[in-house]
Each structure stands twice: as C-alpha cells, then as structure tokens.
Undergrad: 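Following this message is one structure expressed as structure tokens.
For ligands, and for the atoms within them, numbers begin at 1 and follow the listed sequence.
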Amino acid sequence: QAKENGRNDFQYYTKEMNAQSHEMLNLEEELRRAVKAGEFVLHYQPQVDLQTGALSRLEALIRWQHPERGMLAPGTFIPVLEETGLIEPVGEWVVREAVRQCAVWKEMELPPVTVAVNLSVRQFANLNIAEAIERIVTEAGIPPACLELEITESVLMADAFDGAEALRALSQRGLRVAVDDFGTGYCALHYLRRLPVNTLKVDHSFVSDLEGDPTTAAIVSAIITLGHDLGCKVVAEGVETLAQCNHLHRLGCDLAQGYLYYRPCPPEEIEPLLQGGNHGHYKVQ
Ligand code: C2E
Ligand code: MG
Ligand code: MG
Ligand code: MG
C-alpha cells in the first residue's frame, strides 16, 4: 500500500515537473523567436518631483508585444531571459532603444529628461558593459548624464560580482547610477558609502506599508536621511495614494513614481507630459 502510494506520488511529481519544464522550453523558444522578430517595446513611467510637481525623469520598463497574448509585463519573461542568457542581447536593445528615444525627444526640442534603465546581473558578465553603454550614448549625441542605470540592491550584494567596480566604471563615464528596490537586499551601509550612487529607490513594499505601520515609516525616514547624507536623490516606488505622497513629502523624499501619478505608458503618451512641464495635480499640501 505504502509502496504504491509512494510510486504514485513520484509519478505525480515527475508529471508536474515535465509540465513545468515543458512550459519553460516553450517560453524559451518563443522568446528566441521574439528577439529575432523584435517584439519588445519600452514603456516609460514618469517620476514626479515632490517639491515642484516637475516631470523630468522617466523609468524605461520592457514589455513583450506578444502576437497572440497581447502586451506582457516583464515579471514572467525576465527570469527566463536571465536563465538563458538572452538578457544580454535584449538588455543591450533596451539601452539602445531608451537612448534612441531620448535623442528623438531632444530632436523634438522637448525639455531635457533623464531616462532610467534596469540592468540584470548577467549583463555585467560583459566586463566592458560601461564602455559599451558609453559608446551607445555618445553615438546618439546625448549627454551621458541623461541615462541612469538601475541596479537592484540584491545584485549589488551578489557573490562573484564586484558591484563597486562595475558602478565606478559607469560613473567614471558620466553615466548615472541608481540602487533599485532599496531596503530589501541587506546592503551593508559602509559598503554603500564607497559606491558612486546618484539615486536610491525606496522599494514599493515600504511605501505600501507606510501609512499603517510606524516602524515602516521610521525605516523610510532613515532611508531618506541616509540617501541625502550620501548625496543621492531619493525616489519612492509604487506610490498609489495621496496619503502616501504627502507622508513621503513630509519625510523629505525627493521624487515619487507610481500609479497615483502615471502608469508606465508608450512614448507617444509621454511627449505631451514632457511638453506640459509642471504638474499641479496631486501636489502635496
Ligand atoms: P522595478 O525596476 O522595481 O520597476 C517598478 C515596477 O513597479 C514596474 O513593474 C512598474 O510598472 C511597477 N509599478 C509602478 N508604479 C506602481 C504602483 O503604483 N503600484 C504597483 N503595484 N506597481 C507599480 P514592471 O514594469 O512589471 O517591471 C517589473 C520588474 O521587471 C522591474 O521592477 C524590473 O526589475 C524588471 N524590468 C523591467 N524592465 C526591465 C528591463 O528592461 N531590463 C531588466 N533587466 N529588468 C527589467
Ligand atoms: Mg527599476
Ligand atoms: Mg524597483
Ligand atoms: Mg521593485
């Protein structure tokens, strides 16, 4: 009896595993096809200055324009791109596309804007990544400081990755550096102090707990103070309510990014916003 059960469990388990790896393989094949067919697009989400309401910074976020399944968010496919190494060509495309878009906006004589791009740890396998990015920016004729590279705190702390060296290489070329999802990755503060970082992004898990939980509010306050002591701008991610926005402003946070203001949207929807300059709505009390 027990033996039989055991065997059934085993069969059930392998069946489940097969289904899972089958799905992965399909996704991998589909992604290889998507890379060739150029099915990725970038959406842009504004970051709003909490003091002035000005909009001069955007985060570029990848989407997969799937021929049958529509617009897909990166949560499902970025891990597969990372596992397969496809993140290297796709990541390079992301940088090129964001820089190309920046140059188009410059050509249109829109007010200058800083665009932030997310980098995966795998992209640092290319030791010359900073040089490669610098070349892309220079060829497009935009100042390097118009591009900010977002690296998550966990990537920075990953073993076998000299985060400090990688960030220095970017910074020496005039490119900007942001630490993404800050507060979730146990970054040693003495380590952070030695890094050339321009921006700290407070992870949205802290922002969503800000109102209900005094401990979270204390942590966010500490992150903002730390960021300022390091000479960084502090951006809050995932700001969804006016209460959060006001609270962040009281704590001295510089910028906010979230659905309260704008969802990530295609570049043509960004243009009127950049043109508009200041945004009085949702301005803090
Ligand atoms: P992230 O860099 O932390 O990006 C912020 C995520 O929060 C985005 O999800 C954005 O759409 C979402 N978000 C913005 N405002 C709000 C809000 O008010 N509420 C909530 N609940 N969410 C909000 P998205 O676009 O699905 O991207 C997820 C993650 O995928 C990103 O997290 C980033 O780690 C990764 N990613 C996106 N684009 C790229 C890329 O081009 N390259 C790499 N390597 N990773 C990327
Ligand atoms: Mg990011
Ligand atoms: Mg983030
Ligand atoms: Mg995040």
Undergrad: Check each heavy atom of R263 against ligand 1 and say whether those closer than 4.0 Å belong to the side chain, the backbone, both or neither.
TA: neither
Undergrad: Do the side chains of E139 and R135 get close enough for a salt bridge, i.e. N-O under 4.0 angstrom?
TA: no
Undergrad: As a test of understanding, state which of E59, R57, H204 forms a side-chain hydrogen bond (donor to acceptor under 3.5 Å, both in side chains) with Q257.
TA: E59
Undergrad: When you look for heavy atoms under 4.0 Å from ligand 1, do you find them on the side chain of D180, its backbone, both, or neither?
TA: side chain
Undergrad: So, does E88 use its side chain to make a donor-acceptor pair with the main chain of G85 at under 3.5 Å?
TA: no
Undergrad: Within the structure provided, determine whether K106 and C146 are in side-chain contact (heavy-atom separation under 4.5 Å).
TA: no
Undergrad: Suppose we screen for salt bridge (Lys or Arg N to Asp or Glu O under 4.0 Å). Which residues come up paired with E153, at least two apart in sequence or across chains?
TA: none
Undergrad: Examine ligand 1 and decide if any of its atoms is less than 4.0 Å from a heavy atom belonging to E59.
TA: yes
Undergrad: Do L50 and C253 come close enough that some side-chain heavy atom pair is under 4.5 Å?
TA: yes
Undergrad: With heavy atoms of Q45 as the reference, note each atom of ligand 1 found under 4.0 Å away.
TA: 14 (C), 15 (N)
Undergrad: Under a 4.0 angstrom heavy-atom cut-off, which atoms of ligand 1 come close to E240?
TA: 17 (C), 18 (O), 19 (N), 20 (C), 21 (N)
Undergrad: Not counting sequence neighbours, which residues clear salt bridge (Lys or Arg N to Asp or Glu O under 4.0 Å) with R168? List them please.
TA: E165
Undergrad: Has G91 got any heavy atom lying under 4.0 angstrom from an atom of ligand 1?
TA: no
Undergrad: Quick one: does any side-chain atom of D181 pair with a main-chain N or O of T184 as donor and acceptor, under 3.5 Å?
TA: no
Undergrad: At distances under 2.8 Å, what protein N, O or S atoms surround the Mg ion (ligand 2)?
TA: E59 OE2, N118 OD1, E150 OE1, D180 OD2
Undergrad: With no hydrogens and no angle check, is any side-chain donor or acceptor of Q172 less than 3.5 Å from a backbone partner on A169?
TA: no
Undergrad: Side chain or backbone of L260 under 4.0 Å from ligand 1, or both, or neither, by non-hydrogen atoms?
TA: neither
Undergrad: Considering only heavy atoms, does L61 approach ligand 1 within less than 4.0 Å through its side chain, its backbone, both, or neither?
TA: both
Undergrad: Any heavy atom of H43 closer to ligand 1 than 4.0 angstrom?
TA: no
Undergrad: Hey, does H204 come in under 3.5 Å of ligand 1, counting only N/O atoms on both sides?
TA: no
Undergrad: So does A217 get a backbone contact from the side chain of S221, meaning a donor-acceptor N/O pair under 3.5 Å?
TA: no
Undergrad: Can you confirm, on distance only, whether ligand 1 has an N/O atom lying under 3.5 Å from any N/O atom belonging to I62?
TA: yes
Undergrad: How does P264 reach ligand 1, by side chain, by backbone, by both or by neither, if only non-hydrogen atoms under 4.0 Å count?
TA: side chain
Undergrad: I need the atoms of ligand 1 closer than 4.0 Å to a non-hydrogen atom of D181, numbered in the order shown.
TA: 3 (O)
Undergrad: Using distance alone, decide if ligand 1 has a nitrogen or oxygen within less than 3.5 Å of any nitrogen or oxygen in E237.
TA: yes
Undergrad: Find all atoms of ligand 1 within a distance of less than 4.0 Å from any non-hydrogen atom belonging to V94, and give their numbers and elements.
TA: 41 (O)
Undergrad: Mind checking whether K201 contacts ligand 1 via backbone (N, CA, C, O), side chain (CB onward), both or neither, at a 4.0 Å heavy-atom cut-off?
TA: neither
Undergrad: Can you name the salt bridge (Lys or Arg N to Asp or Glu O under 4.0 Å) partners of E82, sequence neighbours left out?
TA: none
Undergrad: Do L81 and R122 have side chains that approach each other closer than 4.5 Å (heavy atoms only, starting at C-beta)?
TA: no
Undergrad: Do N118 side-chain atoms and E150 backbone N/O form a donor-acceptor pair below 3.5 Å?
TA: no
Undergrad: Among T199, N198, T114, which residue satisfies the side-chain hydrogen bond (donor to acceptor under 3.5 Å, both in side chains) criterion with E148?
TA: T199
